[in-house]
Amino acid sequence: MIIIRDIKVKINNDSNYQKNALIKKSASLLRVRQDKIKDLQIIKRSIDARKKPELFYNYQVVVSVEDEVRILKANKSNKIDRYKPVYYKEPVRCENNDKKIYIIGAGPAGLFCGLILAKAGLKPVIVERGSKVEKRREDVLTFWREKKLNPDSNVQFGEGGAGTFSDGKLNTQVKDKFGRIKYVLEAFVRNGANPEILYDAKPHMGTDCLINVVSNIRNEIIELGGSFLFDTKLEKINYKFNKIDSISLTGENAGNYKCDYLCLAIGHSARDTFKMLYDNNINMTGKQFAVGIRIEHLQEDINKVQYGFNYMEEYKDIEPSPYKVTANLDNGRGVYSFCMCPGGYVINASSEDKMLAINGMSNEKRDSLNANSAIIVTVGENEFDLSKPLKAIEYQRELEKKAYELGNGSIPIQLFGDYKNNQKSNSFGAVKPTNICDTAFANLRELFSEEINDSIIEGIHEFGRKIKGFDSDDALLSGVESRTSSPVRIIRDDRYISNIDNIFPCGEGAGYAGGIMSAAMDGMKVAEAIIDKYNSDY
């Protein structure tokens, strides 16, 4: 098969037009008749807006044609080459399965660790402090409507992890030589995701899709011999001679369980579990992360700048435009957008009583009126002692307590113009908040130090030079964005093992991933490491 890179096709709502154009251009590049192309598969697609308002898709395709050897010899273009696909090789099935393997957390890391272990015949048990995703959705909706927080089943905790109630982004900067990215995406498609995620340059699923996909992955793991303990929390680890021996659980499945191998895929918000592990002498350290606010604009305005049109009929089905902006300031701080949600919502993502954290969320269609993104500033040694891991968590909690008090339990909001002027807003401009969660006007300047406030303001103005109108006084701010990544790193060696033998820190909560895809891939790596250790122990 032959890969052809960089085929440009004008965007058109007619799917047959796209397919026919790809075949025609592929045949032209290969200098063969169109009927000689036996098969064509899209492997990558991205939007090219460099000639806006005329928009194009840039494709990479793989074609099957007769006499491929001759065609490759005749073509000297760097766009054309032999296709060398990379396939993930699942670990060999283990003959022995009498050891007890527990995975703590049913987010992407835990689920994909469990999936690989189950395919190897090892019957993992996945322990999740929150509820299965169907009940979790009801818990979250109840919290948003009635402000009744379930501290163990919410936006942060429950089957699917924090990424379930997000934009569901599936792109990653992780280099992948082993086919794990494609394997994860194929698992999502197999369990109900849109097949376009296999080739879109910036794939996403959306919360409404993720809920169904997560449920189906659970069922796949169960069919392979794995099992789940929901509404059950890890209370204590017990070890002998520096090796895991058992775990103590509370909740629906309370008790002491023999444990030979333990994967800690606990997520970035399991603050009580971090403390328990620290008190149980698991090596960890504080780490830098980022905090800030969310900014909302009309999605239509972002589209006009990025695409150069206002939903012309010709492009009515094109995805709403994302953006990504960064700035390095003279004060040494970095300011950047994070978890940008086209056509999304700002949601209350709290997991502790009398504290408030926010996040962005989108459904699969991304059809809200507003675009939103976190605008965040890196924090670290200037704010807390990195040598004391729990100090970073204390800093997060202080911010979230202030945010709760500012909004009296509702999301505190402020127009950017008033934020600059250090005054509480009292009315909206062009941008109105999405109505999933209650909001209240406040002065968000009270959340942060002046250096962080000044950095956010300077960063937004810098972004306004890149995206016209980004720093409009009517832009709507919300706070506080504090759960961007884990505030700690649980130390592991090159075998993925902590200082306690057969305990495997994993995923975003352990400080080794940042998003759905990288967490899922880290879960796979840890599963491979557990299998290697399992086999070597026999």
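What you see is a predicted model; the values in this text were computed from it and never measured. The figures here come from the full heavy-atom set of this structure, side chains too, leaving out hydrogens, waters and symmetry mates.
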Main-chain N/O of L447 paired with E398 side-chain donor or acceptor, under 3.5 Å
no

Atom pair CD1 (I47) and CG (N58), whose distance is rounded to the nearest 0.5 Å
10.5 Å

Taking only Lys NZ, Arg NE, NH1 and NH2, and the carboxylate oxygens of Asp or Glu, determine whether E462 and R465 approach each other closer than 4.0 Å.
yes

So F463 and F470, would you call those rings parallel, tilted or perpendicular, with 30° and 60° as cut-offs?
perpendicular

Considering residues at least two apart in sequence or located in another chain, which fulfil the salt bridge (charged side-chain N to carboxylate O under 4.0 Å, His left out) criterion with E159?
R218

Is the closest side-chain donor-acceptor distance between S215 and E134 under 3.5 Å?
yes

Start with the C-alpha gap between E186 and Y88, add the side-chain angles, then the distance that decides, and say whether side chain to side chain donor-acceptor pair (under 3.5 Å) holds.
CA-CA 11 Å; E186 287 176 341; Y88 176 71; over 6 Å; no

Sorted by first residue and then second, give each ring-ring contact (aromatic ring centres under 6.0 Å, His included) pair with at least one member in residues 149-175; sequence neighbours left out.
none

Looking only at atom types and distance, does a side-chain atom of D48 sit under 3.5 Å from a main-chain N or O of R50, one as donor and one as acceptor?
yes

Under the side chain to side chain contact (heavy atoms under 4.5 Å, CB included) rule, what do I413 and E296 come out as? Steps first, then yes or no, please.
CA-CA 10 Å; I413 58 175; E296 289 185 81; 6.0 Å; no

Could you tell me whether a side-chain N or O of Q18 sits under 3.5 Å from a main-chain N or O of K10, the two making a donor and an acceptor?
yes

Counting only N and O atoms by type, is there a donor-acceptor contact under 3.5 Å from the side chain of D176 to the main-chain atoms of G179?
yes

Considering all heavy atoms of both residues, which atom of P487 and which atom of I393 are nearest to each other, and what is their separation?
CG-CG1, 3.7 Å

Under a 4.5 Å cut-off applied to non-hydrogen side-chain atoms, are S485 and K287 in contact?
yes

Reference residue Y336; test side-chain contact (heavy atoms from CB on, under 4.5 Å); the match among I375, V325, N328, T378:
T378

Main-chain N/O of S518 paired to D522 side chain as donor or acceptor, under 3.5 Å:
no

Residue pair K420 / D473, side-chain heavy-atom distance below 4.5 Å
yes

Could you report the tightest heavy-atom contact between V9 and Y17, atom names first, then the distance?
CG1-CE2, 4.0 Å

Under 3.5 Å donor-acceptor, T207 side chain and T164 backbone:
yes

How far apart are the C-alpha atoms of C339 and N359, what are their side-chain angles, what is the distance that settles it, and do they pass the side chain to side chain contact (heavy atoms under 4.5 Å, CB included) test?
CA-CA 8 Å; C339 187; N359 194 19; 4.0 Å; yes

Under the side chain to side chain donor-acceptor pair (under 3.5 Å) rule, what pairs show up with a residue in residues 451-460, not counting sequence neighbours?
N331-S455, R333-E451, Y419-N453

Side-chain contact test, heavy atoms from C-beta onward, threshold under 4.5 Å: evaluate it for P203 versus N171 and give yes or no.
yes

Minimum heavy-atom separation for T484 and A290, please, with both atom names.
OG1-O, 2.7 Å

Taking R445 for its side chain and D418 for its backbone only, find out whether a donor-acceptor pair lies under 3.5 Å.
no

Looking at CD1 of I411 and CD1 of I358, how far apart are the two atoms once the value is rounded to the nearest 0.5 Å?
6.0 Å

Distance only, no hydrogens: is a donor on one side chain within 3.5 Å (strictly under) of an acceptor on the other, for S410 and K147?
yes

CG of L29 to NZ of K79: how many Å apart, nearest 0.5 Å?
6.0 Å

Can you classify the ring geometry of F384 versus Y395 as parallel (below 30°), tilted (30 to 60°) or perpendicular (above 60°)?
tilted

Mind running side chain to side chain donor-acceptor pair (under 3.5 Å) on D474 and S472 for me, showing each step along the way?
CA-CA 5 Å; D474 283 355; S472 164; 4.9 Å; no

Do Y512 and K525 touch side chain to side chain, with heavy atoms closer than 4.5 Å?
no

Checking N421 side chain against Q423 main chain: does a donor-acceptor pair fall under 3.5 Å?
no

Taking Q396 for the side chain and S482 for the main chain, is one N or O donor matched with an acceptor at less than 3.5 Å?
yes

Would you sort out whether N348 and L356 count as a side chain to side chain contact (heavy atoms under 4.5 Å, CB included), showing the intermediate values?
CA-CA 7 Å; N348 190 330; L356 190 143; 3.6 Å; yes

Test I376 against F289 for side chain to side chain contact (heavy atoms under 4.5 Å, CB included), laying out the working first.
CA-CA 9 Å; I376 51 179; F289 58 103; over 6 Å; no

Without hydrogens or angle criteria, can the side chains of S368 and N370 be said to hold a donor-acceptor pair below 3.5 Å?
no

Apply side chain to side chain donor-acceptor pair (under 3.5 Å) to Q299 and N303, showing your working.
CA-CA 6 Å; Q299 182 65 55; N303 290 340; 3.0 Å; yes

Using atom types as modelled and distance alone, determine if a side-chain donor or acceptor of Q156 lies under 3.5 Å from a backbone N or O of A162.
no

Is there a side-chain contact between R397 and K401, using heavy atoms and a 4.5 Å cut-off?
no

With a 4.5 Å cut-off on side-chain heavy atoms, are I7 and S26 touching?
yes

